[in-house]
Amino acid sequence: VIAIMATEKGKPLDRQDKRLISLAVHHLYKPLTIDSPTPTLADWLQSLRAVGEEDADSQKRANHLAKQIQFWTDGDYGPAFLRNRMRDCPFQVYNLEHIDDPDTESVVLGILSSIISQSIRYGRTVVVLDEVWAVFKSEVGAELVNNLYRTVRKLGSCIWTISQSMRDYLELPSSLRGAILGNSPVKFFLKQTSEELDLVSEVFQLNASEAQQLAKLKFEKGQYSEMLIFSGDVHKVLRLSPTPVELWLATSDKNDVDFE
């Protein structure tokens with residue numbers, strides 16, 4: 001994550017910079033005990049300056065790296081980068097909707113990748129990525145999804161990706177699309193537009209009967225939605241009828257949202 005934050009305009013760090021980053025991490029964590037407070041990025045910056053004092057070249061490099069990192073810690077996102085993580089919070093939500101800058105997006109996704117990895121190591125974790133197209137468009141995000149799909153089941157956790165368009169999956173590199181489809185034993189298909197039906201059938205290799213079931217799914221706004229579910233060898237059509245509370249929690253209809 002620090003390497004992503006210190007990278008400028010896509011220029012990769014050289015080995016000496018990476019060495020300093022690694023040394024600073026070791027310097028920071030070596031004296032800590034299990035009862036020590038969780039270190040922050042500000043603490044790492046102090047360690048970076050300490051290890052940079054070994055010679056003039058290291059000091060110059062450390063100062064440059066520190067300035068790159070301070071762009072994040074001293075700016076608008078500083079409070080987010082400097083606070084301790086909510087390790088003990090069982091339910092965490094991160095909204096990336098208003099992050100449009102590619103550099104910021106890569107850094108945030110790198111941090112989320114670290115948070116998710118730590119959570120999986122601590123215990124069973126369910127990762128849900130809604131509007132996943134926004135994650136796919138970033139190289140860091142695509143790599144995050146790829147790694148999760150290839151590893152989470154082995155560690156007793158799971159991942160769900162949700163998208164409104166099958167094109168988001170069809171346009172992925174074949175290796176990433178293969179990782180997702182090959183490691184998704186459970187799939188839910190909601191009612192599709194006529195344009196999407198052929199895409200779904202192509203990507204998921206539906207037979208004629210399954211394609212017909214998908215085409216006949218029904219939906220009544222505010223009442224119910226039918227879905228085609230694949231769970232291993234079981235393929236069935238289910239109907240989801242939300243309670244009034246569930247409907248109000250999930251609705252995105254403008255009239256509902258504006259209602260007071």
Side-chain angles (χ1 to χ4, degrees), residues 80 86 88-100 105 108-109 112 115-116 119-120 123-138 141 144-145 148-149 152-153 156-172 180-181 183-204 206 209-260:
M86 298 178 292
D88 298 327
C89 182
F91 184 76
Q92 300 184 33
V93 178
Y94 298 89
N95 185 358
L96 310 184
E97 180 180 3
H98 300 295
I99 300 178
D100 299 322
E105 185 179 60
V108 171
L109 286 171
L112 284 181
I115 292 172
I116 292 169
S119 178
I120 291 173
R124 292 184 177 181
T125 301
V126 178
V127 181
V128 181
L129 301 176
D130 194 10
E131 299 291 356
V132 73
W133 61 268
V135 180
F136 286 155
K137 69 181 182 180
S138 161
L144 166 63
V145 175
L148 286 172
Y149 265 100
V152 290
R153 280 203 299 166
S157 297
C158 70
I159 176 173
W160 294 85
T161 53
I162 306 170
S163 183
Q164 296 186 34
S165 175
M166 186 50 56
R167 293 185 183 279
D168 295 334
Y169 295 95
L170 190 63
E171 294 173 355
L172 293 174
I180 294 174
L181 301 186
N183 292 283
S184 298
V186 180
K187 306 175 184 69
F188 291 90
F189 302 97
L190 298 175
K191 182 176 176 61
Q192 304 289 317
T193 65
S194 57
E195 297 175 350
E196 294 274 341
L197 282 172
D198 290 338
L199 288 177
V200 176
S201 298
E202 175 188 347
V203 172
F204 291 93
L206 304 187
S209 175
E210 293 164 347
Q212 189 176 34
Q213 285 181 308
L214 182 61
K216 291 182 176 180
L217 292 180
K218 298 178 181 179
F219 163 80
E220 186 171 338
K221 187 174 181 179
Q223 298 298 319
Y224 68 86
S225 179
E226 292 183 340
M227 63 186 76
L228 178 62
I229 177 174
F230 288 8
S231 181
D233 295 330
V234 178
H235 297 181
K236 287 186 176 294
V237 174
L238 303 179
R239 176 175 289 190
L240 175 64
S241 300
T243 66
V245 173
E246 291 170 337
L247 176 63
W248 278 105
L249 284 172
T251 183
S252 59
D253 182 88
K254 186 178 186 303
N255 293 327
D256 294 338
V257 173
D258 292 342
F259 181 78
E260 296 184 0

Validation row: Phe189, Val200 side chains within 4.5 angstrom (heavy atoms): yes
Interatomic distance, Met166 atom CE to Thr193 atom OG1 [nearest 0.5 angstrom]: 10.5 Å
Ser119 side-chain N/O to Ile115 backbone N/O, donor-acceptor pair under 3.5 Å: no
Closest heavy-atom pair and its distance - Leu190, Ser225: CD2-OG, 3.9 Å
Leu144 versus Leu109, closest heavy-atom pair with distance: CD2-O, 4.4 Å
Exam field: side chain Ser231 to backbone Val234, donor-acceptor pair closer than 3.5 Å: no
Pair Tyr169, Glu171: side-chain N/O donor-acceptor within cut-off below 3.5 Å: no
Intermediate values then yes/no, side chain to side chain contact (heavy atoms under 4.5 Å, CB included), Leu199 and Gln192: CA-CA 10 Å; Leu199 288 177; Gln192 304 289 317; over 6 Å; no
Trace of the side chain to side chain contact (heavy atoms under 4.5 Å, CB included) decision for Met227 with Leu240: CA-CA 8 Å; Met227 63 186 76; Leu240 175 64; 3.7 Å; yes
Parallel, tilted or perpendicular: ring planes of Phe230 versus His235, cut at 30 and 60 degrees: parallel
Separation between CH2 of Trp133 and CG of Leu172, rounded to the nearest 0.5 Å: 13.5 Å
Distance, nearest 0.5 Å, that separates CH2 of Trp160 from CG of Leu148: 15.0 Å
Between CD on residue Gln212 and CG on residue Leu197, distance to nearest 0.5 Å: 11.5 Å
Exercise: identify the closest heavy-atom pair between Arg153 and Pro185: NH1-CG, 4.0 Å
Polar side-chain atom of Lys191 near backbone of Phe219 as donor-acceptor pair, under 3.5 Å: no
Ser184 side chain vs Ile180 backbone, donor-acceptor pair below 3.5 Å: yes
Residue Lys216 excluded, over 12 heavy atoms near NZ under 6.0 Å: no
Heavy-atom neighbours of Asp130 CG exceed 12 at 6.0 Å: yes
Full working for side chain to side chain contact (heavy atoms under 4.5 Å, CB included) between Val132 and Ile162: CA-CA 6 Å; Val132 73; Ile162 306 170; over 6 Å; no
Tyr224 OH to Arg239 CZ distance, which is reported to the nearest 0.5 Å: 4.5 Å
Gly123 versus Ser157, closest heavy-atom pair with distance: O-OG, 3.8 Å
Pairwise side-chain contact, Leu96 with Leu112, heavy-atom cut-off 4.5 Å (strictly under): yes
Full working for salt bridge (Lys or Arg N to Asp or Glu O under 4.0 Å) between Lys218 and Glu226: CA-CA 5 Å; Lys218 298 178 181 179; Glu226 292 183 340; 5.7 Å; no
Between Glu196 and Ser165: side-chain donor-acceptor atoms closer than 3.5 Å: yes
Stepwise side chain to side chain contact (heavy atoms under 4.5 Å, CB included) test for Ile229 and Lys187: CA-CA 6 Å; Ile229 177 174; Lys187 306 175 184 69; over 6 Å; no
Within 6.0 Å of CD in Glu131, more than 12 heavy atoms from elsewhere: yes
Sub-4.5 Å side-chain heavy-atom contact between Leu247 and Thr243: no
Atom pair CD1 (Ile120) and CD1 (Ile159), whose distance is rounded to the nearest 0.5 Å: 8.0 Å
